[in-house]
Amino acid sequence: MGLLDILDQYAGTAQPQADTSAHFDAAAQQASTGELGSAFAAMFRSDATPAFGQQIGDLFNRSNPLQQAGLLNQILQSVGPAALGAAGGVLGRVLGSVTATGGMPTITPEQASQLSPADVQAIANHAEQHDPSIIDRAGAYYAEHPTLVKSLGVAVLAVTLGHLRSQL
């Protein structure tokens with residue numbers, strides 16, 4: 001069965017099936033990272049999935065410290081210093097403040113592991129309000145780590161596959 005045959009099963013309704021997880025694996029291997037990133041961004045925006053911040057908090061919780069830092073650095077790049085004050089200033093406390101030259105610091109895996117999924121959910125919510133394109137950046141980031149998205153469950157995977165089909 002080809003990729004389009006698989007994705008056709010999710011067009012329109014995007015209902016989970018018994019083999020949704022295997023279908024997702026096949027699609028993740030065959031789709032380009034750009035296509036996959038766009039499908040993830042559409043899934044993050046979908047009314048059929050939990051809110052963006054909640055999904056990001058869940059993904060953060062399932063990530064290793066390097067992946068956690070990568071995600072947080074994407075958020076910092078998107079919203080800049082405003083992210084330091086989000087979620088009660090938790091990022092500011094972990095990082096200190098902006099560097100002496102006025103540039104943004106980079107979050108290390110050790111620093112990222114000090115944050116809770118609830119902290120990251122609040123940071124993601126703040127980022128979405130200030131720069132909605134963070135959803136596209138998060139989609140592109142997770143296109144590099146599609147196995148993490150599988151942890152969100154088959155309903156989310158079915159929605160993602162439906163969005164991927166609409167792009168091809």
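Here the structure is a predicted model, which means the values were calculated and not measured. We number each residue from 1, following the sequence as shown.
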Donor-acceptor contact present, side-chain [X] to main-chain [Y], <3.5 Å:
| X | Y | value |
| --- | --- | --- |
| Asp58 | Gln55 | no |
| Thr160 | Val156 | yes |
| Tyr141 | Gln67 | yes |

Evaluate the criterion side-chain contact (heavy atoms from CB on, under 4.5 Å) for residue pair Leu7 and Leu168; output intermediate values, then yes/no. CA-CA 9 Å; Leu7 296 178; Leu168 301 178; 3.4 Å; yes
Which atom pair, heavy atoms only, marks the closest approach of [X] to [Y]?
| X | Y | answer |
| --- | --- | --- |
| Pro117 | Gly57 | CB-O, 3.5 Å |
| Gln15 | Ala158 | C-CB, 3.8 Å |
| Ala41 | Ile135 | O-CG2, 3.5 Å |
| Thr49 | Met43 | OG1-O, 2.7 Å |
| Ala143 | Gly37 | CB-N, 3.5 Å |
| Pro132 | Arg45 | O-NH2, 3.7 Å |

For the atom pair [atom1] ([X]) and [atom2] ([Y]), what is the distance rounded to the nearest 0.5 Å?
| X | Y | atom1 | atom2 | value |
| --- | --- | --- | --- | --- |
| Glu35 | Leu3 | CD | CG | 8.0 Å |
| Ile107 | Ser113 | CD1 | OG | 11.0 Å |
| Leu164 | His23 | CG | NE2 | 13.0 Å |
| Ile134 | Gln77 | CD1 | CD | 8.5 Å |
| Leu72 | Thr106 | CG | OG1 | 11.5 Å |
| Asp19 | Phe24 | CG | CZ | 14.5 Å |

Distance-only side-chain donor-acceptor flag, Arg137 / Ser78, under 3.5 Å: no
Is it true that [X] and [Y] fall in one hydrophobic cluster, defined by side-chain heavy atoms closer than 4.5 Å?
| X | Y | result |
| --- | --- | --- |
| Leu4 | Leu157 | yes |
| Leu66 | Val149 | no |
| Val154 | Tyr10 | no |

Measure the shortest side-chain to side-chain distance between Lys150 and Asp25 over non-hydrogen atoms and say whether it is less than 4.5 angstrom. yes
Would you say the side chain of Tyr142 lies within less than 4.5 Å of the side chain of Leu71, judging by non-hydrogen atoms? yes
Could you list all the ring pair (Phe, Tyr, Trp, His ring centres under 6.0 Å) pairs where at least one residue sits in residues 32-76, not counting sequence neighbours? Phe44-Phe52
